[in-house]
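Numbered from 1 within each chain, the chains take letters A, B, ... in sequence-line order. Just so we're clear, the structure is a prediction, and the values are computed from it rather than from any experiment.
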2 protein chains.
Amino acid sequence: MFSAIDMEEHVVRPIGRRGESRARVLEAAVKLFSENGVSGTSLRMIADELGVTKAAVYHQFASKEEIVLAVAQPAVDGLTSAADHAEQQSPPHARFDAALEGLVAVVIQQRASAVVIRDPVAARLLETHSQYRIALNRIQDFLIGSEPTEEARIALALLGGSLFVSGTDPALIAVGADRLRATLQETARNLLQPFRPPA
Amino acid sequence: MFSAIDMEEHVVRPIGRRGESRARVLEAAVKLFSENGVSGTSLRMIADELGVTKAAVYHQFASKEEIVLAVAQPAVDGLTSAADHAEQQSPPHARFDAALEGLVAVVIQQRASAVVIRDPVAARLLETHSQYRIALNRIQDFLIGSEPTEEARIALALLGGSLFVSGTDPALIAVGADRLRATLQETARNLLQPFRPPA
DNA sequence: GTCTATAGGGAGATAGAC
DNA sequence: GTCTATCTCCCTATAGAC
């Protein structure tokens, strides 16, 4: 069944645990996506970055789409958690606060995932991912209510732009997480204050 | 010199004036860039959109890079004009006001050009365009001074994100120019207020 | 200003050996 | 888990006729 060589592989390469190769592919993909965009990054570039062939990458992911979705998944999970946490608060103002802080926290923790929505095609792909749409809609409800005015929708879109650059602008990479979080929360509060859902 | 046929061409096809074909290429390019991104748009797609062949497009522009730069040029010119106009004001607060209003006006009038900076490779290309860098630096000086603090640079980056989505977010396309301009000016003022250059 | 034709290369993806 | 080899298609760009 298992040869001595197989056993030894497990001893001398503890690094080869299940999922390690997938993670390395995603790491390389995020780096290249942020430099060249999703459409500007080929599977060959990802393979070269890892020092392997394209076929090795295709062993981990069936398609480029799968890689894109896997890159975005941590952020999608973060948004879902943020919506769950906000929902557990009882007064509406506490839900607003929790949703806003959760949203900013995802941007801070998952900055890299923003590269996906920078590409229009990848962004559309993500929008077909129901978990993503649902989480965003729930957070939107907590922030500006379920029937927002046009002004509220504009404000939310402008906030989205600010959050987006926080994840993609090279000039902000050097900024510490704490300072960036504080600025984002203040900015978000100022933008959305007039449109908070009624109690 | 000019044959009768040449003359007749001018009569029956007044539409074929110099530059018309270039303009049609740019119009198609902007549309496709916004749908698929710059890297996701091929010259074949542009040609198909116009009902011609790739070679016809190459007759107007020597390369894809040239198309990208030509798409961005109206915005670059707008930024330069805005910087010129701000410079003519004398008190610093008037320069701030003029720079801010000029910047917002460019975003409103040249929304389509934002598609170029959505692509990381195209954005880098644009940054090698000295007229663009110079205009942006001048406007930055009027808004947050020539030696901004880190907080000021963060605020300016966040504003940049909001301006950027104004040009690219499909949800904002339906918003009237006047309402969007007013919201952007207010947002920009709130974001930059604490960092205005000293008088 | 538009066409056909072509060059030279890279894309995503698959088959099958090790 | 990685490889070589290959398929098919599309890419940017150019040459030269009309």
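Between Glu20(B) atom CD and dT2(C) atom P there is a gap of 11 Å when expressed in whole angstrom units. Across the protein-nucleic acid pair, Ile67(A) atom CD1 and dA13(C) atom C1' stand 12 Å apart, rounded to whole Å. Note: CZ (Phe61(A)) to P (dG12(C)) measures 15 Å, nearest angstrom. The CG-P distance, from Asn36(B) to dC10(D), rounds to 15 Å in whole Å. In this structure, Ile46(B) atom CD1 and dT2(C) atom P are separated by 14 Å, rounded to whole Å. In this entry the distance linking CZ of Arg22(B) with P of dT2(C) reads 13 Å, nearest Å. For the pair Tyr58(B) OH and dT6(C) C1', the computed distance is 14 Å after rounding to whole Å. Distance Arg24(A) CZ to dT2(D) C1': 12 Å, rounded to the nearest Å.
Checked for salt-bridge contact, Arg179(B) and Glu151(A) meet the test: a charged N lies under 4.0 Å from a carboxylate O. For the pair Arg138(B) and Asp84(B), the salt-bridge criterion is met [side-chain N within less than 4.0 Å of a carboxylate O]. Comment: Arg111(B) does not engage Asp169(B) in a salt bridge, judged by the lack of any side-chain N to carboxylate O separation of less than 4.0 angstrom. Checked for salt-bridge contact, Glu87(B) and Arg95(B) miss the test: no charged N lies under 4.0 Å from a carboxylate O.
Residue Lys64(A) has its side chain nearest to dA13(C) when only dA13(C), dA15(C), dG1(D) are considered. When distances run from any side-chain atom of Ala56(B) to the nucleotides dT2(C), dA13(C), dT14(C), the shortest one goes to dT2(C). Out of dA11(C), dG1(C), dC3(D), the shortest distance to the side chain of Val52(A) is found at dC3(D). Picking from dA13(C), dC11(D), dT12(D) the nucleotide with the shortest atom distance to the side chain of Arg44(B) gives dC11(D). The nucleotide whose nearest atom lies closest to any side-chain atom of Met45(B) is, among dC11(D), dT4(D), dT4(C), dC11(D). Listed nucleotides: dA15(D), dT12(D), dA15(C). Nearest to the side chain of Leu43(B): dT12(D). In this structure, of dT2(C), dT12(D), dA13(C), it is dT12(D) that holds the atom nearest to the side chain of Ser42(B). Of the listed nucleotides (dT12(D), dG1(C), dT2(D)), dT2(D) has the atom at the smallest distance from the side chain of Gln60(A). Residue Lys54(B) has its side chain nearest to dA13(D) when only dA13(D), dT4(C), dA15(C) are considered.
Ser39(B) comes within 4.0 angstrom of no nucleic acid atom, judged by non-hydrogen atoms across all strands.
Remark: Thr53(B) is not in phosphate contact with dT2(C), judged by side-chain N or O atoms under 4.0 Å from OP1 or OP2.
One hydrophobic cluster holds both Leu172(A) and Phe195(B) under the rule that ILVMFWY side chains link at heavy-atom gaps under 4.5 Å.
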